[in-house]
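All figures in this text were calculated on a predicted structure; none of them were measured in a lab.
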Amino acid sequence: MRHAGCTTVWFGVESGSEKILGEMNKKIKLNQTRFAFKTAHDLGLMAVASAVIGFPGKLKRQLGKP
(Lines give C-alpha, C1' and ligand atoms only; values in the text may rest on other atoms or scores of the structure.)
Protein backbone atom coordinates (compact mmCIF):
# COMPACT_ATOMS: atom_id res chain seq x y z
CA MET A 1 0.00 0.00 0.00
CA ARG A 2 2.82 2.39 0.84
CA HIS A 3 4.37 1.83 -2.58
CA ALA A 4 1.04 2.73 -4.19
CA GLY A 5 1.03 6.10 -2.41
CA CYS A 6 -1.05 5.26 0.66
CA THR A 7 0.32 7.07 3.72
CA THR A 8 -2.40 6.64 6.33
CA VAL A 9 -4.81 3.91 7.45
CA TRP A 10 -7.78 4.44 9.75
CA PHE A 11 -8.88 1.72 12.14
CA GLY A 12 -12.32 1.60 13.76
CA VAL A 13 -10.97 0.78 17.20
CA GLU A 14 -14.26 1.79 18.88
CA SER A 15 -12.91 1.38 22.44
CA GLY A 16 -9.73 0.69 24.37
CA SER A 17 -11.66 -1.38 26.90
CA GLU A 18 -12.12 -5.14 26.43
CA LYS A 19 -15.26 -4.91 28.57
CA ILE A 20 -16.85 -2.20 26.43
CA LEU A 21 -15.82 -3.98 23.21
CA GLY A 22 -17.64 -7.06 24.52
CA GLU A 23 -20.73 -5.01 25.32
CA MET A 24 -20.59 -3.61 21.78
CA ASN A 25 -20.45 -7.19 20.45
CA LYS A 26 -17.13 -6.49 18.71
CA LYS A 27 -15.27 -9.67 17.82
CA ILE A 28 -11.80 -8.20 18.27
CA LYS A 29 -9.31 -8.13 21.13
CA LEU A 30 -7.03 -5.26 22.06
CA ASN A 31 -3.93 -7.31 21.20
CA GLN A 32 -5.24 -7.57 17.61
CA THR A 33 -5.63 -3.79 17.49
CA ARG A 34 -2.11 -3.29 18.83
CA PHE A 35 -0.79 -5.72 16.22
CA ALA A 36 -2.57 -3.84 13.41
CA PHE A 37 -1.09 -0.53 14.54
CA LYS A 38 2.40 -2.00 14.89
CA THR A 39 2.17 -3.61 11.44
CA ALA A 40 1.04 -0.34 9.87
CA HIS A 41 3.90 1.51 11.58
CA ASP A 42 6.43 -1.14 10.50
CA LEU A 43 5.24 -0.68 6.91
CA GLY A 44 5.76 3.08 7.11
CA LEU A 45 2.07 3.95 7.36
CA MET A 46 0.50 6.36 9.81
CA ALA A 47 -2.27 4.62 11.76
CA VAL A 48 -5.24 6.58 13.10
CA ALA A 49 -7.88 5.28 15.53
CA SER A 50 -11.58 6.04 15.39
CA ALA A 51 -13.25 5.53 18.78
CA VAL A 52 -16.72 5.84 20.26
CA ILE A 53 -16.87 8.17 23.26
CA GLY A 54 -19.83 7.85 25.58
CA PHE A 55 -21.07 4.37 24.67
CA PRO A 56 -24.07 3.53 26.92
CA GLY A 57 -22.84 1.90 30.11
CA LYS A 58 -19.42 3.55 30.08
CA LEU A 59 -18.90 5.79 33.07
CA LYS A 60 -17.23 9.21 32.94
CA ARG A 61 -14.45 7.94 35.21
CA GLN A 62 -13.65 5.24 32.62
CA LEU A 63 -12.89 7.73 29.84
CA GLY A 64 -9.24 7.47 28.92
CA LYS A 65 -8.84 4.16 30.76
CA PRO A 66 -8.57 0.72 29.14
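The cluster map of Ile, Leu, Val, Met, Phe, Trp and Tyr, joined by side-chain heavy atoms under 4.5 Å apart, puts Val9 and Val13 in the same cluster.
Screening residues 5-17 for salt bridge (charged side-chain N to carboxylate O under 4.0 Å, His left out), with sequence neighbours left out, gives no hits. Under the salt bridge (charged side-chain N to carboxylate O under 4.0 Å, His left out) criterion, no residue pair touches residues 3-12, with sequence neighbours excluded.
When hydrophobic side chains of Ile, Leu, Val, Met, Phe, Trp and Tyr are connected at separations under 4.5 Å, Trp10 ends up clustered with Met46, Val48.
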Only distances under 3.5 Å count here; give the side-chain donor-acceptor pairs of residues 37-45 to other protein atoms, sequence neighbours excluded, each with its distance to 0.1 Å.
unit_1, atom_1, unit_2, atom_2, d
Lys38, NZ, Asp42, OD2, 2.7
Thr39, OG1, Phe35, O, 2.8

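For Thr7, the side chain to side chain contact (heavy atoms under 4.5 Å, CB included) partners at least two apart in sequence or on another chain are Arg2. Legend: residues meeting side chain to side chain contact (heavy atoms under 4.5 Å, CB included) with Lys29, ordered by chain and number and at least two apart, are Glu18, Asn31, Gln32.
Here OG1 of Thr33 is found 4.0 Å from CD1 of Ile28. Values are rounded to the nearest 0.5 Å.
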